[in-house]
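Contents: one structure, followed by commentary.
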Amino acid sequence: MPAHASKDRQSLHYIVRSGIAGGISGCVVRIPLPSSSPQLTLSSQAKTVVAPLDRVKILFQASNPDFQKYAGTWSGTFRAVSQIYGENGFRGLLQGHSATLLRIFPYAAIKFMAYDQLEGLLMPTRESQTNIRRFTAGALSGMTSVLFTYPLELIRVRMAFSTRSAANPSEPYKRPSFLSAMRYIYREGTPLTSAALPASSSSSLHPSIFIRFPILKFYRGFTVTVAGIIPYAGTSFLAWGFLRAHFLPFARPTSTPFADLSIGAISGAFAQTVSYPFEVVRRRMQVGGLTRPDRWMRWGETVRAVWSASGWRGFYVGLTIGYLKVVPMSAVSYAVWQWGRRILDL
């Protein structure tokens, strides 16, 4: 890479364009586009189409009492979808989707923008590209994007997890909105709530941390999320760079949308497989505020709870649903990212 290109990569103009290309790559599979672009219009519906399966996956991962009986089989997945539709209609299938739409542009923009910068720092030339550096750049970019967008992810999971039996039995069930879920999370762990807990829980580690620092309530499960995003984003970008280097040695002139889609799909599948156990533990910790609002759910107790309930299979519950979501999303995201880079001359 020429020296002037490396210098330009650090300019504000380049960084802004890089963020726009990344953000579009996330949003293009989530928002409608003009009918004059039929291929992009088809992909734009993908996220909404898989949103019901995404909600079911969260219910399975977090062991929601209403849906745990369905976990583990494809027929159970469809029965869960049928139950949600029967109880809450089509809106119930999209519960939590609004938070997803709010989160995706900044998440994708920060992730791809950070990767662009780290790639320039760690791999300024083709000869300096190694799998370790690809993994490191991907992992750091994923960690950066998670740091800034995690509260929206937590709100999404809480909205998706909410069902009749998971709600307060003394109050009539009401579908959570984005704002109501945010308010509920903020009020967790208050003295009034803590007073209703068993005495043993009040003596747990850092009993008042959420009272002193309410923002931390929106970061439940953050540590395991960071631990999970390292193998996920690292493996995804490693596979992306490795496959392109081997099958597209002169990537820019010979890359095609089909090649970008194929390599992106494979990268997403590898990343999902490697990181999925972390995702299951993360979901459990994210909904931990409903059972332990006064403290963090620890890694150890969460892992033991999953293992004691289902063994090793418990760490892969909902994985096939995850493939249905992640593989096409990853394929389209990488392909549109490359398209955006070409359009914006990056």
Side-chain angles (χ1 to χ4, degrees), residues 54-55 57-64 68 71 96 99-100 103 107 110-111 114 135-136 138-161 166 181 185 188-189 201 204-207 209-210 213-238 268 270-319 321-323 325-326:
D54 198 26
R55 189 189 176 201
K57 185 183 73 169
I58 291 174
L59 292 170
F60 287 175
Q61 289 174 330
S63 293
N64 184 282
Q68 194 170 9
T100 300
R103 170 181 176 265
Y107 177 84
I110 293 170
K111 180 179 71 172
F135 183 92
T136 301
L140 290 175
S141 65
M143 291 168 62
T144 303
S145 61
V146 165
L147 175 64
F148 288 100
T149 62
Y150 189 79
L152 291 172
E153 164 70 5
L154 181 67
I155 293 171
R156 177 180 80 98
V157 171
R158 288 298 187 86
M159 292 175 68
F161 182 80
I185 294 170
E188 284 176 349
S201 68
S204 60
L205 185 63
H206 303 306
I209 187 170
F210 293 130
F213 307 104
I215 190 64
L216 292 180
K217 300 173 187 178
F218 293 92
Y219 281 86
R220 291 182 186 272
F222 179 72
T223 54
V224 73
T225 301
V226 170
I229 200 64
I230 291 174
Y232 180 83
T235 301
S236 181
F237 279 107
L238 185 157
F270 275 127
Q272 180 77 347
T273 304
V274 169
S275 65
Y276 197 78
F278 291 96
E279 185 175 346
V280 172
V281 175
R282 169 167 59 109
R283 299 297 188 213
R284 290 290 192 94
M285 295 178 72
Q286 286 174 331
V287 301
L290 299 174
T291 55
R292 294 289 188 179
D294 62 327
R295 67 175 180 86
W296 297 101
M297 290 289 290
R298 303 184 188 89
W299 276 56
E301 66 179 310
T302 307
V303 170
R304 285 193 297 270
V306 175
W307 178 268
S308 62
S310 307
W312 68 269
R313 295 179 184 274
F315 294 98
Y316 288 92
V317 62
L319 177 59
I321 301 176
Y323 284 140
K325 172 195 172 185
V326 168

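FYI, the numbering just counts along the sequence from 1. Computed from a predicted model, the values in this text were never measured in an experiment.
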For the pair [X] (side chain) and [Y] (backbone), establish whether a donor and an acceptor sit closer than 3.5 Å, ignoring hydrogens and angles.
| X | Y | value |
| --- | --- | --- |
| Tyr276 | Gly318 | yes |
| Tyr150 | Arg220 | yes |
| Arg55 | Ala160 | yes |

I need the minimum non-hydrogen distance between [X] and [Y], along with the two atoms involved.
| X | Y | value |
| --- | --- | --- |
| Ala181 | Met159 | CB-CG, 3.7 Å |
| Ser275 | Ala271 | OG-O, 2.8 Å |
| Ile58 | Arg156 | CD1-NH1, 3.7 Å |

Counting C-beta onward and ignoring hydrogens, is there a side-chain heavy-atom pair between [X] and [Y] closer than 4.5 Å?
| X | Y | answer |
| --- | --- | --- |
| Phe278 | Thr225 | no |
| Leu216 | Phe222 | no |
| Val303 | Phe315 | yes |

- Any chance CZ of Phe270 has more than 12 other-residue heavy atoms, nucleotides or ligands included, within less than 6.0 Å?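 Atom CZ in Phe270 is not packed in, count stays at 12 or less.
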Show me, pair by pair, the donor-acceptor contacts under 3.5 angstrom made by side chains of residues 307-314, not counting sequence neighbours?
{"unit_1": "Ser308", "atom_1": "OG", "unit_2": "Arg304", "atom_2": "O", "d": "3.0"}
{"unit_1": "Ser308", "atom_1": "OG", "unit_2": "Ala305", "atom_2": "O", "d": "3.1"}

- Quick one: list whatever passes side-chain hydrogen bond (donor to acceptor under 3.5 Å, both in side chains) with Thr302, sequence neighbours left out.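 So Thr302 forms no side-chain hydrogen bond (donor to acceptor under 3.5 Å, both in side chains) with any residue.
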- Query: Would Gln272 and Lys325 count as a side chain to side chain contact (heavy atoms under 4.5 Å, CB included) if you check the C-alpha gap in whole Å, the side-chain angles of each, and the deciding distance to 0.1 Å?
  - Reply: CA-CA 10 Å; Gln272 180 77 347; Lys325 172 195 172 185; over 6 Å; no
- Item | Distance-only donor-acceptor check, side chains Tyr323 and Thr273, under 3.5 Å |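 On atom types as modelled, these side chains qualify, holding a pair under 3.5 Å.
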At what distance, to the nearest 0.5 angstrom, does [atom1] of [X] lie from [atom2] of [Y]?
| X | Y | atom1 | atom2 | result |
| --- | --- | --- | --- | --- |
| Ile321 | Phe60 | CD1 | CZ | 5.5 Å |
| Thr100 | Ile155 | OG1 | CD1 | 11.0 Å |
| Arg103 | Leu154 | CZ | CG | 11.0 Å |

Compile the donor-acceptor pairs under 3.5 Å between side chains in residues 138-148 and protein atoms, sequence neighbours left out, one pair per line.
{"unit_1": "Ser141", "atom_1": "OG", "unit_2": "Ala137", "atom_2": "O", "d": "3.2"}
{"unit_1": "Ser141", "atom_1": "OG", "unit_2": "Gly138", "atom_2": "O", "d": "2.7"}
{"unit_1": "Thr144", "atom_1": "OG1", "unit_2": "Leu140", "atom_2": "O", "d": "2.8"}
{"unit_1": "Ser145", "atom_1": "OG", "unit_2": "Ser141", "atom_2": "O", "d": "3.4"}
{"unit_1": "Ser145", "atom_1": "OG", "unit_2": "Gly142", "atom_2": "O", "d": "2.8"}

- Item | Matching residue for Val224 among Glu279, Arg283, Arg282, Arg284 - test: side-chain contact (heavy atoms from CB on, under 4.5 Å) |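 Single pass found, and it is Arg282.
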